[in-house]
Peer 1: 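Before I ask anything, let me first share the structure, which is written out below as structure tokens.
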Amino acid sequence: MTQAVNNLALLPLYAAAGTALLVLVCDLAFGRFQLFAGVLGATATVFCALFSSPRDTFCSADLCSWVGSSRAALLAALFAALTAGVLALSAGALREGYAPVGEFCFLLTCSMAGGVTVAYAGDLITLIVGLETLTLPLYILVGLRRRLAGGSSAAVTFFLISVISTAVALLGAALLYIATGALHLSALTAGTGRFTHLGTVGTALLIIGFAFKIAAVPLHAWAPTTYDGAPIPVATYLSTASKLGGVIALAAVVQRLDTGPIMAVLAVLTMTVGNLVALRQTRMVRLLAWSSVAQAGYIIAPLAAGSDGVEAAFAYAIFFILLEFVAFAVVVALRGPALDGGTIDDYRGAGRRNKWLGAALVLSFAGLAGLPPGLAGLFAKITVIASLIDTGWGWLAGVVALNAVIALAYYIRVAALLYAPIKPVGISVVDPELLHRATHPRLPVPAAVTAALAVGAAAAIIFGFAPQAIFTLLSR
Amino acid sequence: MIAEVLTPLLPGVPLLLGLVGLILRPGDRGPRRAAAFLGIAGAALALLIAIVLVVVVDAPVQVGMEWVRFGDLTVSLSFSLGPAALYVALAVCVVALCVQIYSVGYLHDDPRYAPYAAQVALFTGAMLLVVSANDLVLLLVGWEVMGACSYLLIGHDRRLPEAPAAAVKAFVVTRVGDVGFLLGIAWLAVDAHTFRIDELLAEPGVHTAAMLLILAGVAGKSAQFPLHTWLPDAMAGPTPISALIHAATMVAAGVFVVFRLFPLFAASQVTLAVLGVMASVTLLLGALAATAQDDLKRVLAWSTVSQLGYMTGALAVGSPAAALFHLLTHAAFKALLFLAAGAIIHAVGTNFMSRMGGLRTHMPVTFVAFVVGLGALAGVPPLAGFWTKENVLVAAAHATEGGGPAPAWVGWMVWIAGLLGVAITAWYATRLLLRTFFGHVRSRTEEWFVGFDDARYEVPPGPAHDPPGVMRWPLIVLAVPAVLLGFAAFLPGFRSALELESPHLGVSIVAPLLLLIVGAGSSWWLWHTAPGVDPAQALGRLRPLFAAGFHLDQVQDLLVVRPVRALADAVRLLDEKVVDAAVEGTGTTTTRLGTVLAGAHRAALPRAAVAVLGGALLLGVLAAIVGVAG
Amino acid sequence: MTVADALLLALGAVAVGSGTLVVTSTQIVRAGLYLVISLGAMAGLYLVLGAELVAWVQVLVYVGAVVVLLLFAVMLTRAPIGPSADLDRPAWPALVVGGGVGLGLAALFVDAFRWVRYGMPAPGTTERMGAELFGNWVLPFEVLSILLLSALVGAIILSRPDIGAPKPTPGPQPQQPTPGAQQPTPGPQRPNVSAQQPDPSPQRVEEPEREKQKDGS
Amino acid sequence: MIGQVLLVAVLALPAAGALVTALLPERTARITATVFAALTLVVAVSSWSSSDVSWLWVPRLGINFHLGVDGISYPLVVLTALLTVLCCAYTVWKVPEGGSGRTLSALILVLEVGILGTFLALDLVLFFVFFEVVLLPMYAVIAGWGGPNRRAAARKFVLYTLAGSVLLLLGVFTVVAAAGTSDMSMLAYGAGLSRTTQCVAFTLFALAFAVKAPLWPLHTWLPAAHTEAPTVGSVLLAGVMLKMGTYGLIRIGIGVTPEGADWASWVLGAFAVAAIVAGSLICLRQTELKRLIAYSSVGHMGFVLLGIATQTTAGVQAALIGNVAHGIITGLLFFLAGAVKDRAHTGNLADLGGLRETAPRLAGLVGFACIASLGLPGLAGFWGEAFAVVAALHRGWTTFAVIAAIGGALTALYFMRLLRKLTHGPATSALTGISAITRTEWLAWSPLIVLTLAVGLVPALVLTPALDSLASIGALR
């Protein structure tokens, strides 16, 4: 009973894993070009995912461990694209020498391979292994700033809580297996008879374990500390790719098992707590972290409706990721060589100094708040609410809507600060504007960062005007 | 054909010229001439049109088109001028022309003359619109534009601190009446599915309530009790404006509207009874208040209130013709009186009779004008007022027999009030004449100023004299109808136009004439026995009451103004402390909740791990209990 | 009650008891040693259940490698062995959570399996495990290789003290970084990026955990 | 075909204008913005009776890019385009403190896109999208160029109105989920939606639009926003943005959920009447010029909402013309208030007085605008208010009609109070020596003055096209 392997189907994974190896080889052979190789490989992965026809493989009977679909291809491509983007964003930091370039790129591309696996995973084991592959390199990447205040605690928090979450997820998978004997996603069913409760709790634990990954409340405690302690590019990856992995895992479970109430509870808690706490943040990355906690709530809200909501959840996740990436990219660009996000007050007047960066941040924040000109975000919000109302979860749609209002309060606070006039300094000077400019120079933005930001922003704008492209890919 | 063209032009020309005049730059020399030209031209053209129409028209002219359609209700831009309305229009135009010409002299040093003249033109046009409208909405347009113009013109004088308040009062009090007017119109229209007056008049049953509501508007515009309080205060406006408001436009509009809609009013006894009570009260109230005023213009103002009582009284007893006839003569003599009063004020620099006296010798023309005007006002035969007042009293006496549209008691009430009014009017008219023109000239010594705080008037240098030609000629022109208009009742054409009964000088004139002599005589006797003393002193303790207009201002303040203000305060408080506080409170509560939650998240790692596991446990238990997979 | 039952009960009691001691002990070395006992008892449980491969992996990896590594790490980083204050935390929340989890799972299993007897499944021999792993679960197994490789590389990075400090930009300033030296910063707005105190403790604390994670997955 | 091009151009021109403006140097940018706005006006005026544009945009969400213009939206479209031109022109002359005029002009154009889109959209979701477009630019305008408390005011504005528009979103999808389409032309007359759905959806719509309109007691964002906003912001806000609420209520509330509207009409009417009276009473006690005018909007929109609530043809027509009239008159009022405030450097009524002594023409215009705003017959404001009352009577709501009419009298009261304080009496120090009206100001104001008169004298301009279109959107009594 050996499984047949269709290597063509596995092309995206090969590309991803190959990228990791390529980076390693480059590092060994040349000691340079690692970043370039990483970006190149990741881009190749994107194309492999998008342009290879998706099909199943690793099948026993009709149950497959590798399930190809255009949705999986899209998600895998997204992982790869995010990896490429994050690599580009780290160019500045790596040039400054905060981490060994080769290892950094290698770890990130390994994570990408995990992500690709998750996207195509057809059974719980592959899914969890893929998730771990996605996450484990990140423990190390987060810890790279361990010499700075917060860096080590970020890594330790992330690590410990992730381990706990994996344990819970594994326990859940085990319980579910006991109850139903199924591990393949397509065969998942609810427990019957006296195994009902076992199956139920197994499902719940599985959900809880995966919910850690997307930092859903009450399983979110790691996210703010970790994001804030991690280098910004890594935080970017955490809040986008890592979250996407969690969403895929959750969706896989939710699609087959009825988890409405627990998803609803999680969603309500997540968005409400996330938004409320975000209101009071003073550090940029913490704010983004809490906002992304809240966004996770919007993402999982449609999952309460089961398989009917999966498409909406993915759509939201994709739009969210685009916008979140742009937001983090701007933070990277604005902060220059500083690896942390700084306080929100550090961004005062930044939009006046740097028009394009300001505009990009406003675009992404508007989108995250679900308002034009961030059309992508608007459509994301519309999708979620439409899907919830369609499936009879009207009250949950109401909660989402209410939270959108709370969220705007902090997004707009930051966005307005970008254009706020400079604070008067204590001493009197002839031209405070000049002094301000002298103390807040326009930091040079590395070309790679600019490129990543431009591509991200362009994608956010294009998909804002043409969201149907994403829906089409997701629905097949 | 020509009538159809001219009818819309009658109000149209002054309105248009008024609007053009408003665009003129105020102040300079050039615009002043242009403004005077526009103003006078507007009035003159309107007069010309009116005359042509009077000559041409023998049956009512009707012309109109659809203006706009609201649902199934059509508002039409339609005009209708019957012979009666034409005479009113004629009166309006004559008075307006006189006022315009007179104003050129009266406001010769006012930099804001240009808008003033334009507003007078608008005012005239609006009144003509009321007169000629055949659609209630169109009528309302004129009705309200008049209100706005009265506001602007009363508040014109910059030197009078009370002018703005008086202007606001005039506008707001009449506007309160207009609430009723609008509702009444709406009610009528909704019931009858039309705004056109001719169609409405053909409508059989109308709501009494609707007519009562319209009556409220009439009371506001025509200064009927209890909405008369604005009129005496409106004296703060320039004197020509007082002439315009009192004689031909504003106050006449109410009476005219009742006249126009009289068939509807006649259908409802209740309405007429209310109108009768209102008229009687107004008549006596105005007359009594006029007895104790020291301000020349205020005497005239209160006399207007009283005379309006005669008109509405005539309407109440079912004699619209008498009302309209009195309206016409009143227009003539009241305009005359006000313009003459303006001449006096110009000459002596004060409004107060206690500072006048002996003006007869210095201002002969004005004196004659006053004699004619006051005679007509008091109803001295054969001046105009005599005939028309007689008509009203005869109609009231006739109504006491019952059988008319109004109940008999209304007839009695109006008749008695009218008779009493005759005596009182004669009394105060005599008092005014004596105190102003007879006695010795009060020289402007130091004590001339004592007790007065109106340093706002510039005291003209030199002795008082008759006004310059531009102001004198209007007086002379207006004196003619004030004397002769009463005889128009003998013209069959005029009579048929107003549907007036032929005058019959029977026994009924004895009582009023006696009362007239009693009133005038007692006033003269008082003045004669104690020279230099105000005859009003004889009123004793009633004098301050009368002088204050029965303190109705205070009553109004107490019953309406203060409650509204208190309500406004309460609502604002509600708005700020409850509605807005709820909104702000939501914000702050949310933020506070955020602070609490953020504080809860500052736990160290081990505790966070425990909390997270606790959360997992909780959700697991929850799942088991709820039965997720149920 | 068969012998197997008795063994299961006894080993379970040992595992739970020593596990409690791991948590409650205030001396870290003792806690480590109790962990050995607990993990060993669990290996025994696996053996009784017939899962021989799992049992030996438990002994080799956990009892042998992980715990030993842990003890080494503790000895290297915390020279004075004895009660340490930061292990002595208020235990109530943890107790509630831990107890809750235990009770909850117990209730769940009791509910599911009641007192029904089951036939033993085929023993978890190495051969069976191998067949299953390379027959049905090839994909996760292969992906695991990426995971392990990245864990390896990660462990190396974390163990290198020179990583995480800014290295001089090549070219204009080819000088070696000296501990405590201030890096020239391109912009004035660079608060604390170049602070460079030697602070080995977090790094070394993380090491054993890293290993554990690597093997655990 | 040409009509479709025009329709798209109505939206594309200002959008392109905003982009171009944002990239040009300061003064050129402001002039360019005005040119684009003027072009948009020309196109908007000529877009009358152009056929619908309908493209599939996002099939998954059922969004059709369905634009169309009819008698209901046309006057508002033209009004929007006109006010935008005036605001842009005004900005060329005077940039309020706080930021560059270029950005302000660009934002004004973006606002125009949103507002025009809302009026033109014939698809529920598209309507919602455009409805949201205006939020952030308006926030930016208030927060960037506003008065001393601009931040709090802007935040309140944006959060409050967003709360309203998310309700709209919920309502939209309640309808779409039940009907399976979001095309308004297919949804007219209720499209067979169940009564419950209609009631739920209408409640959501009514709340959403009531916030936007705003209807008392959901109005508290308005005074703050108006008081702090720069002149052009206030003009656009009061002139056209509030109309999005009332327009939505007519087009969607009545058109899509007629039974719901019928069910709730009594409540809506009661609130509308309460708004009229409360707005007027509050105005009586205001001490700040712009705040007073802002509150007056609450009262005026109360009349509009009363007209809509009656669900009679006359009432809805009254609401339509009331909308347009309020846009014109309040736009003018805010321009004038801005002019006074800019000159006096205070909006406190206690510090203002004697305007007619120092600036007679400005005082005259203020008087004109106030008198127009209090509903003087013959000027634009009259029709909406009077016929809302007529419609209420028609519907049989005597009490409402009476209260509304009394509210009308109160309106006169507070405007008179305002005029008395502002224009009469001796000139205060704040108003002495102020400059005369400039040519640009005349340019910006005169169209509004002319329109006030024109709409007042020829209301058929607005109403005749609307009457035919009303029949196509829903059943009216």
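Proteins get letters first, then strands, A, B, ... in listed order; numbering begins at 1 in each.
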Peer 1: Carefully, step by step, assess Lys156(D) and Glu584(B) under the rule side-chain contact (heavy atoms from CB on, under 4.5 Å).
Peer 2: CA-CA 9 Å; Lys156(D) 195 170 182 178; Glu584(B) 295 283 347; 2.8 Å; yes
Peer 1: Counting only heavy atoms closer than 4.5 Å, note whether Leu410(D) contacts chain B via side chain, backbone, both or neither.
Peer 2: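 Only the side chain of Leu410(D) comes within 4.5 Å of chain B.
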Peer 1: Would you mind checking which part of Leu213(B) comes under 4.5 Å of any heavy atom in chain D, side chain (CB onward), backbone (N, CA, C, O), both or neither?
Peer 2: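 The answer is neither part of Leu213(B).
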Peer 1: Of the non-hydrogen atoms in Arg175(B) and Ala409(D), which two are nearest, and what is the gap between them?
Peer 2: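 For Arg175(B) and Ala409(D), the tightest heavy-atom pair comes out as CG-CA, 3.9 Å.
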Peer 1: What heavy-atom pair brings Val579(B) and Pro217(D) nearest, and what distance separates the two atoms?
Peer 2: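 Heavy atoms of Val579(B) and Pro217(D) come nearest at CG1-O, 3.2 Å.
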Peer 1: Non-hydrogen atoms of chain D under 4.5 Å away: do they reach the side chain of Phe181(B), the backbone, both or neither?
Peer 2: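 It is neither, since no heavy atom gets under 4.5 Å.
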Peer 1: Can you say whether Ser280(D) sits under 4.5 Å from chain B via the side chain, the backbone, both, or neither, judging by heavy atoms?
Peer 2: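 Neither part.
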Peer 1: Taking the side chain as every heavy atom from C-beta outward, state whether Val75(B) and Phe387(D) have any pair of such atoms under 4.5 Å apart.
Peer 2: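 Yes, side chains in contact.
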Peer 1: For a quick test of reading the model, state the closest non-hydrogen atom pair linking Arg572(B) to Gln286(D) and the distance between them.
Peer 2: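 Nearest heavy atoms, Arg572(B) then Gln286(D): NE-NE2, 3.9 Å.
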Peer 1: For the interface with chain B, which of Leu374(D), Leu379(D), Leu159(D) has the highest count of heavy-atom pairs at distances below 4.5 Å?
Peer 2: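 Of Leu374(D), Leu379(D), Leu159(D), Leu374(D) has the most heavy-atom pairs under 4.5 Å with chain B.
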Peer 1: Measure across Leu281(D) and Ala568(B) and return the closest heavy-atom pair with its distance rounded to 0.1 Å.
Peer 2: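 Distance-wise, the nearest heavy atoms are O-CB, 3.4 Å.
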Peer 1: Which bit of Tyr414(D) is near chain B, if near means a heavy-atom gap under 4.5 Å: side chain, backbone, both or neither?
Peer 2: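 Neither part, no heavy atoms under 4.5 Å.
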Peer 1: What is the ring orientation for His424(D) with Tyr151(B), classed by angle as parallel under 30°, tilted 30 to 60°, or perpendicular over 60°?
Peer 2: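 Geometry flag for Tyr151(B) against His424(D): perpendicular rings.
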Peer 1: Which heavy atom of Ile282(D) sits nearest to which heavy atom of Val571(B), and what is that distance?
Peer 2: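 Closest pair (atom of Ile282(D), atom of Val571(B), distance): CG1-CG1, 3.6 Å.
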Peer 1: In Å and rounded to the nearest 0.5 Å, what is the CG to CG distance from Leu457(D) to Leu15(B)?
Peer 2: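 Reported to 0.5 Å precision, the distance equals 9.0 Å.
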Peer 1: Relative to chain B, which segment of Leu413(D) carries a heavy atom at a distance below 4.5 Å: side chain, backbone, both, or neither?
Peer 2: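 Both parts, heavy atoms under 4.5 Å.
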Peer 1: So which of Ala165(B), Ala163(B), Ala148(B) has the biggest tally of heavy-atom pairs under 4.5 Å with chain D?
Peer 2: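 Looking at each of Ala165(B), Ala163(B), Ala148(B) in turn, Ala165(B) comes out on top.
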Peer 1: Working to the nearest 0.5 angstrom, can you tell me the gap between Leu376(D) CG and Cys149(B) SG?
Peer 2: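 Answer for the CG-SG pair, Leu376(D) versus Cys149(B), is 8.0 Å.
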Peer 1: Is a side-chain donor or acceptor of Glu144(B) paired with a backbone partner of Gly378(D) at a separation under 3.5 angstrom?
Peer 2: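 Answer holds: no.
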Peer 1: Under a 4.5 Å cutoff for heavy-atom pairs, which residue among Val402(D), Val389(D), Thr423(D), Thr464(D) has the most contacts with chain B?
Peer 2: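 Heavy-atom pair counts peak at Val402(D).
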Peer 1: At a 4.5 Å cut-off on heavy atoms, which part of Ile406(D) comes close to chain B: side chain, backbone, both, or neither?
Peer 2: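 Backbone plus side chain of Ile406(D), per the 4.5 Å heavy-atom cut-off to chain B.
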Peer 1: Go through the atoms of Leu183(B) and report whether side chain, backbone, both or neither lie under 4.5 Å from a heavy atom of chain D.
Peer 2: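 Both backbone and side chain of Leu183(B) come within 4.5 Å of chain D.
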Peer 1: Check whether Leu140(B) gets within reach of chain D through its side chain, its backbone, both or neither, counting any heavy atom under 4.5 Å.
Peer 2: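 Both backbone and side chain.
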Peer 1: Taking side chain as C-beta onward, heavy atoms only, is Trp143(B) less than 4.5 Å from Pro377(D)?
Peer 2: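 With C-beta onward as the side chain, the pair stays apart.
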Peer 1: Quick check: closest heavy atoms across Ala412(D) and Phe171(B), and the distance to 0.1 Å?
Peer 2: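 Distance-wise, the nearest heavy atoms are CB-CE2, 3.8 Å.
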Peer 1: Is any side-chain heavy atom of Trp187(B) closer than 4.5 Å to a side-chain heavy atom of Thr398(D)?
Peer 2: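 Yes, their side chains come closer than 4.5 Å.
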Peer 1: Give the member of Asp580(B), Asp191(B), Val172(B), Leu567(B) that has the highest number of heavy-atom pairs under 4.5 Å with chain D.
Peer 2: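 Most heavy-atom pairs within the cutoff with chain D belong to Asp580(B).
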Peer 1: So how far is it from Leu284(D) CG to Asp569(B) CG, rounded to the nearest 0.5 Å?
Peer 2: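 If I round to the nearest 0.5 Å, the distance is 9.5 Å.
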Peer 1: Among Phe368(D), Trp383(D), Trp216(D), single out the residue with the greatest number of heavy-atom pairs under 4.5 Å to chain B.
Peer 2: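 It is Trp383(D).
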Peer 1: Looking at Val141(B), Val176(B), Val145(B), Asp72(B), which has the largest count of heavy-atom pairs under 4.5 Å with chain D?
Peer 2: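 The option with the most such pairs is Val141(B).
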Peer 1: Of all of Glu357(D), His219(D), Arg356(D), Arg155(D), which one pairs up most often with chain B through heavy atoms under 4.5 Å apart?
Peer 2: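 Going by pairs under 4.5 Å, I would pick Arg356(D).
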Peer 1: Non-hydrogen atoms of chain B under 4.5 Å away: do they reach the side chain of Ala318(D), the backbone, both or neither?
Peer 2: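 For Ala318(D), the contact with chain B is made by backbone and side chain together.
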Peer 1: For Ile23(B), is there any backbone N or O sitting under 3.5 Å from a side-chain donor or acceptor partner on Arg361(D)?
Peer 2: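 Yes; judged by distance alone, with no hydrogens or angles, the pair exists.
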Peer 1: Is Phe382(D) in contact with chain B via its backbone, its side chain, both, or neither, using a 4.5 Å heavy-atom distance?
Peer 2: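 It is the side chain, since no backbone atom gets that close.
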Peer 1: Does Arg417(D) reach the side chain of Val168(B), with side-chain heavy atoms less than 4.5 Å apart?
Peer 2: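 Contact flag for Arg417(D)/Val168(B) side chains = no.
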Peer 1: Are any of the side-chain nitrogens in Asp575(B) or Arg285(D) under 4.0 Å away from the carboxylate oxygens of its partner?
Peer 2: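 No, this pair does not count.
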Peer 1: Can you tell which part of Tyr160(D) gets under 4.5 Å to a heavy atom of chain B, answering side chain, backbone, both or neither?
Peer 2: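 For Tyr160(D), side-chain heavy atoms alone lie under 4.5 Å from chain B.
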Peer 1: I'd like to check Phe70(B) versus Val390(D) (side-chain heavy atoms, cut-off strictly below 4.5 Å). Are they in contact?
Peer 2: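 A side-chain contact under 4.5 Å is absent here.
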